[in-house]
Amino acid sequence: MDRAAGAEPLTLIHLIAAARPNFMKIAPLWHALAAERWCRVELVHTGQHYDPGMSDAFFRDLDLPRPDIHLGVGSGSHAEQTARVMIEYEKACTDRQPDCVVVVGDVNSTLACTLVAAKLHIPVAHLEAGLRSRDRTMPEEINRLVTDTIADLLWTPSPDADDNLRAEGIASGKIDFVGNIMIDSFELMRARIGASDILERLDLTPGTYGAVTLHRPSNVDEPHKLARLLTELETVAKRIPLVFTVHPRTRQRMEEFGLSVSADAAVRLIDPLGYLDFMKLVSNSGIVITDSGGIQEETTYLGIPCLTLRDNTERPITITAGTNRLVNAATLQVAMQEALTQRPSSHEPPALWDGHTAHRVVASLKTFLERTARVNA
Ligand code: UD1
């Protein structure tokens, strides 16, 4: 902390990052906060994702510094992982005494750090608040519900999220519609994404291939479901070749169940890519098949057809205003044909998906902290 004798104490903000989908959300915010003179930001990595390809590559690609604090929690059951983050982060909070904690997204660490801070009476702000799938079998939905209930300031990416929060009884004064931070990352890195040589390395021609990601427990944790999805991908690949970046969870399950794709199918299995290479791959693809949350948004912004292998989405705006549709193993082939033949001629990104969300967040945070200090005075 910059609280040396005589020096004006700067407001200390903890920015929490944990897992791959968090890194592109905290990056624009870290850069925006680091440029402010009224605050100091400490980057806290809980260690939920720890493989170089799932973590270090993103820090490098997004120009993030080494974390100030690394909790090193690793994998485990949900209870184990959440509990370990809580135990370690409570120590870090006691030691560093942040004035405010900023959490993003919906992973176990988001929930764990929110609980710790709230119980220590440290204000918590949640970026990407208010999204709801209404599917409580998803661990992320539980994380979203609990985090939003106890956070003090809720930054939403779309008006549906504001509606969800108000319907749950959250005071309008806590809710601030700031837009989608993922678009800031894309715009911040646009030139470097363009310069990635991933298409040359994989020998791909723009528009002639599909990109695939799958990692949700509902798709990959049961052998018969995963086997069926892999067979369906082989069929899709007869129409358009596929590049499948395989998440560690999915890789583990495929090995455990003895599953793969047939050698003569045009489905290429590759390791997870860093942010720049992955966004280059997606931006130049003809179609995306995924069960990720963030990729539904990125494809909406880029105007690329996206087939989401889920029964529901917490991001309905990607369907109503975007290019996304929900599919399952039985509807994938028909949806793929339709998506490839009925591409929209033009499209507008949703409101405030404009690359300026980080600045709105910083302004909102400053106002909130000034108000809180006044109230406490
Ligand atoms: C987590 C998040 C999910 C997010 C996803 C993106 C929760 C509840 N889930 O799910 O919201 O969409 O990350 O990746 O927080 N593993 C590695 N290396 C790693 C990380 C994980 O090998 O760096 C392995 C773990 O040992 C585990 C499996 O992958 O067996 C799953 O990891 P875990 O972090 O538990 O959940 P995800 O499925 O990645």
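Remember, it's 1-based here, ligands and their atoms both numbered in the order they're listed.
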Pair Thr290, Thr213: side-chain N/O donor-acceptor within cut-off below 3.5 Å:
yes
Protein heavy-atom partner closest to [atom] - residue, atom, separation in Å:
{"atom": "atom 25 (C) of ligand 1", "result": "Ser75 OG, 3.1 Å"}
{"atom": "atom 2 (C) of ligand 1", "result": "Val107 CG1, 3.7 Å"}
{"atom": "atom 5 (C) of ligand 1", "result": "His215 NE2, 3.5 Å"}
{"atom": "atom 38 (O) of ligand 1", "result": "Arg249 NE, 2.8 Å"}
{"atom": "atom 34 (O) of ligand 1", "result": "His49 NE2, 3.2 Å"}
{"atom": "atom 35 (O) of ligand 1", "result": "Gln81 NE2, 4.2 Å"}
{"atom": "atom 17 (C) of ligand 1", "result": "Tyr50 OH, 3.3 Å"}
{"atom": "atom 8 (C) of ligand 1", "result": "Asn108 OD1, 3.3 Å"}

Does the N or O separation between [X] and ligand 1 drop below 3.5 Å for any pair?
{"X": "Glu140", "answer": "yes"}
{"X": "His78", "answer": "no"}
{"X": "His247", "answer": "yes"}

Chi angles and distances behind the side-chain contact (heavy atoms from CB on, under 4.5 Å) call for Thr323, Ile304
CA-CA 6 Å; Thr323 49; Ile304 300 203; 5.6 Å; no
Determine, step by step, whether Asn108 and Val85 satisfy the side-chain contact (heavy atoms from CB on, under 4.5 Å) criterion, reporting the C-alpha distance in whole Å, the side-chain angles of both residues, the deciding distance to 0.1 Å, and the verdict.
CA-CA 9 Å; Asn108 287 338; Val85 175; over 6 Å; no
Charged N-O contact under 4.0 Å between Asp148 and Arg132
yes
Please determine whether a side-chain nitrogen of the Lys or Arg among Glu128 and Arg315 lies less than 4.0 Å from a carboxylate oxygen of the Asp or Glu.
yes
Which of the ligand 1 atoms, numbered from 1, are nearer than 4.0 Å to a heavy atom of Met54:
14 (O), 23 (O)
Show the atoms of ligand 1 that are less than 4.0 angstrom away from any heavy atom in Gln252.
22 (O), 24 (C), 26 (O), 30 (O)
Heavy-atom proximity to atom 22 (O) of ligand 1, picking from Gly293, Ala19, Gly294, Pro248, points to Pro248
Distance flag, aromatic centroids of Phe59 and His45, threshold under 6.0 Å
yes
Are Leu29 and Ile183 co-members of a hydrophobic cluster defined by side-chain heavy atoms under 4.5 Å apart?
yes
Checking Thr250 now: which residues fulfil side-chain hydrogen bond (donor to acceptor under 3.5 Å, both in side chains) with it, not counting sequence neighbours?
none
Please set out all donor-acceptor pairs under 3.5 angstrom arising from side-chain atoms of residues 262-269, sequence neighbours excluded.
from   : atom 1 : to     : atom 2 : distance (Å)
Ser262 : OG     : Asp264 : N      : 3.3
Ser262 : OG     : Asp264 : OD2    : 3.3
Arg268 : NH1    : Leu202 : O      : 3.3
Arg268 : NH2    : Leu202 : O      : 2.6

